[in-house]
Visitor: 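One structure coming up, written as structure tokens, with questions to follow.
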Amino acid sequence: MLDLYITRHGQTVWNTEHRFQGRKDSPLTELGKEQARLLHNRIKDIKFDVIYTSPSARAMETSMLIKGDLDIPLIQSERLYEMNFGDWEGEILENILERYAEQYRNLILAPSKYVPITGETYEQVFERTFDFIEELKQKEKQKTVLIVTHGITRKAIMSFFQKEEIDTFWSNERIAKQTSLTRVKIEENGDYEVLMNNDYSHWKHLDEE
């Protein structure tokens, strides 16, 4: 059995400014760092065999804070990068809505119709994340693995298990909370069970303040 845990990076400066990030980066806020430290405290007694992380600086910083002093190998995978938004990256959401209303509408409401001027399609994100999970199922059998990734990438990974079509991508849930924890148990015959989904109880008290 592959015991798979999945989380999203901590809050960043651009998250608070409602800017598109994608492949570009901004540093973790103090809240983002605390979210990661609290997740470390929550999972420090779990015997993880390996952590896979997006190479983005915000994901790497989150990974290091979650890892702390634990002796766990940390492996970067470009297939865990956030969706590439091309020229939108660094732009404030309000400006995107003003200049690219139809494309943004498709991004949120009709993903199969979303055709970026520059950047990735949903199909491309699905392809790389699905390939990653298929490889992980073979490479890390009988192991306990943590993935540190991004909002849309995490949802694409969950679509692998939930067998969602691209146009139902946003039907079940929105973007997961920062450093929330999702757990999927994957049997060798391919059966799986989602044991936990988007659970951020380790820092929920901060969200309620």
Side-chain angles (χ1 to χ4, degrees), residues 4-40 43 48 50-68 70 72-93 96 104 107-108 111 114 116-133 135-136 139-140 145-160 169 173-182 198 200 202-203:
L4 183 62
Y5 291 76
I6 309 164
T7 192
R8 180 187 172 200
H9 62 79
Q11 184 194 71
T12 70
V13 172
W14 280 9
N15 288 152
T16 66
E17 295 174 351
H18 306 290
R19 292 182 187 272
F20 275 77
Q21 288 191 115
R23 299 298 175 90
K24 287 188 178 179
D25 248 317
S26 69
L28 297 186
T29 62
E30 288 306 312
L31 174 59
K33 294 174 185 178
E34 183 64 9
Q35 290 167 337
R37 285 190 287 261
L38 289 170
L39 182 54
H40 164 83
I43 66 175
F48 284 103
V50 63
I51 298 172
Y52 284 90
T53 181
S54 158
S56 290
R58 61 191 184 274
M60 282 295 299
E61 184 176 5
T62 301
S63 299
M64 294 303 295
L65 289 168
I66 293 171
K67 180 177 179 291
L70 301 175
I72 310 171
L74 187 64
I75 300 174
Q76 297 183 37
S77 174
E78 293 188 353
R79 287 176 289 181
L80 294 175
Y81 268 128
E82 180 58 294
M83 188 173 189
N84 185 342
F85 292 108
D87 292 341
W88 290 10
E89 294 182 359
E91 289 284 344
I92 297 172
L93 175 59
I96 299 299
Y104 180 78
L107 176 74
I108 301 302
Y114 173 66
I117 298 171
T118 55
E120 283 184 295
T121 63
Y122 278 95
E123 288 86 351
Q124 290 170 315
V125 178
F126 271 45
E127 181 179 2
R128 62 178 166 87
T129 53
F130 283 21
D131 284 348
F132 175 80
I133 294 299
E135 181 180 304
L136 202 68
K139 184 178 179 182
E140 305 294 0
V145 175
L146 175 65
I147 291 174
V148 181
T149 186
H150 305 268
I152 289 180
T153 313
R154 176 203 163 274
K155 275 190 62 60
I157 290 171
M158 293 309 295
S159 294
F160 176 93
F169 189 72
E173 64 176 11
R174 310 307 291 175
I175 290 289
K177 292 281 190 176
Q178 286 105 352
T179 76
S180 66
L181 205 57
T182 295
N198 192 20
Y200 71 110
H202 50 286
W203 71 266

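Just the heavy atoms: all of them, side chains too, but no hydrogens, waters or symmetry mates, feed the values below.
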Visitor: Identify the heavy atoms of Met60 and Ser54 that sit nearest to each other, and give their distance.
Guide: CG-O, 3.7 Å
Visitor: Main chain of Glu82, side chain of Arg23: is a donor-acceptor contact present, judged purely on distance under 3.5 Å?
Guide: yes
Visitor: Quick one: which residue pairs count as a salt bridge (charged side-chain N to carboxylate O under 4.0 Å, His left out) with a foot in residues 8-21, not counting sequence neighbours?
Guide: Glu17-Arg19
Visitor: Is the number of heavy atoms from other residues, nucleotides or ligands under 6.0 Å of Glu78 CD greater than 12?
Guide: no
Visitor: Measuring from atom CD of Glu140 to atom CD1 of Ile133, what distance do you get when rounded to the nearest 0.5 angstrom?
Guide: 11.0 Å
Visitor: Residues in side-chain hydrogen bond (donor to acceptor under 3.5 Å, both in side chains) with Tyr5, at least two apart?
Guide: Arg183
Visitor: Between Glu34 and Arg37, is there a side-chain N and carboxylate O pair less than 4.0 Å apart?
Guide: yes
Visitor: Look up atom CD1 in Ile43 and atom CD1 in Ile66, then write down how far apart they are to the nearest 0.5 Å.
Guide: 5.5 Å
Visitor: Hey, is the main chain of Thr153 close enough, under 3.5 Å, to the side chain of Thr129 for a donor-acceptor pair?
Guide: no
Visitor: Just jot down the side-chain hydrogen bond (donor to acceptor under 3.5 Å, both in side chains) partners of His202, sequence neighbours excluded, or say none.
Guide: Arg42, Thr179
Visitor: Working note: Trp14 + Lys24, criterion side chain to side chain contact (heavy atoms under 4.5 Å, CB included); need CA distance, chi angles, decisive distance, verdict.
Guide: CA-CA 10 Å; Trp14 280 9; Lys24 287 188 178 179; 3.8 Å; yes
Visitor: Does the side chain of Val148 reach to within under 4.5 Å of the side chain of Glu61, using non-hydrogen atoms?
Guide: no
Visitor: Measuring only between side-chain heavy atoms, which start at C-beta, is Ile6 closer than 4.5 Å to Met158?
Guide: yes
Visitor: If you define the side chain from C-beta out and look only at heavy atoms, does anything of Ile72 sit under 4.5 Å from Leu146?
Guide: no
Visitor: CG/Leu39 to OG1/Thr62 distance, rounded to the nearest 0.5 angstrom?
Guide: 9.5 Å
Visitor: Tell me, please, which residues at least two apart from Ser26 pass side-chain hydrogen bond (donor to acceptor under 3.5 Å, both in side chains).
Guide: Thr12, Gln21
Visitor: Identify the heavy atoms of Thr118 and Gly86 that sit nearest to each other, and give their distance.
Guide: OG1-CA, 3.3 Å
Visitor: Could you pull out the closest heavy-atom pair between Ala36 and Leu65, with the gap in Å?
Guide: CB-CB, 3.6 Å
Visitor: Within the side chain of Asn84, is there an N or O that forms a donor-acceptor pair under 3.5 Å with the backbone of Glu120?
Guide: no
Visitor: Which label fits Phe126 and Tyr122: parallel for a plane angle under 30°, tilted from 30 to 60°, or perpendicular past 60°?
Guide: perpendicular
Visitor: Return the CG to NZ distance between Leu31 and Lys33, rounded to the nearest 0.5 Å.
Guide: 11.5 Å
Visitor: Side chain to side chain contact (heavy atoms under 4.5 Å, CB included) for Lys67 and Phe48? Distances and angles first, verdict last.
Guide: CA-CA 10 Å; Lys67 180 177 179 291; Phe48 284 103; over 6 Å; no
Visitor: Find out whether Gln35 and Lys177 are in side-chain contact, i.e. whether some heavy atom of one side chain is under 4.5 Å from a heavy atom of the other.
Guide: no
Visitor: At their closest point, which heavy atom of Gln76 faces which heavy atom of Pro55, and how far apart are they?
Guide: OE1-CB, 3.2 Å
Visitor: Show the nearest heavy-atom pair for residues Ala156 and Val125, with the distance to one decimal.
Guide: CB-CG1, 4.0 Å
Visitor: Quick one: does Val145's side chain get under 4.5 Å of Tyr52's, heavy atoms only?
Guide: yes
Visitor: Quick one: CG on Leu93 to NE2 on His18, what's the gap to the nearest 0.5 Å?
Guide: 8.0 Å
Visitor: Let's go through Arg174 and Ile108 carefully: what are the C-alpha distance in whole Å and the side-chain angles of both, what is the deciding distance for side chain to side chain contact (heavy atoms under 4.5 Å, CB included) to 0.1 Å, and is it a yes or a no?
Guide: CA-CA 10 Å; Arg174 310 307 291 175; Ile108 301 302; 3.4 Å; yes
Visitor: Are the side chain of Arg128 and the backbone N or O of Tyr81 linked by a donor-acceptor pair below 3.5 Å?
Guide: yes
Visitor: Within a strict 4.5 Å, meaning less than it, do heavy atoms of the Ile96 and Leu107 side chains meet?
Guide: no
Visitor: At what distance, to the nearest 0.5 angstrom, does CD1 of Ile51 lie from CD1 of Ile147?
Guide: 11.5 Å
Visitor: I'd like to check Thr121 versus Pro116 (side-chain heavy atoms, cut-off strictly below 4.5 Å). Are they in contact?
Guide: yes
Visitor: Assess, by modelled atom type and distance only, whether the side chains of Ser56 and His9 contain a donor and an acceptor separated by less than 3.5 Å.
Guide: no
Visitor: Suppose we screen for salt bridge (Lys or Arg N to Asp or Glu O under 4.0 Å). Which residues come up paired with Glu135, at least two apart in sequence or across chains?
Guide: Arg79
Visitor: Side-chain contact, heavy-atom cut-off 4.5 Å: Thr53 with Met64?
Guide: no
Visitor: Does Thr182 reach the main-chain N or O of Asn198 with its side chain, forming a donor-acceptor pair under 3.5 Å?
Guide: yes
Visitor: To check you understand the geometry: which heavy-atom pair defines the closest contact between Asn15 and Gly10, and what is its length?
Guide: OD1-O, 4.1 Å
Visitor: Name all residues meeting the side-chain hydrogen bond (donor to acceptor under 3.5 Å, both in side chains) criterion together with Tyr104; count only those two or more places apart in sequence or in a different chain, and write none if there are none.
Guide: none
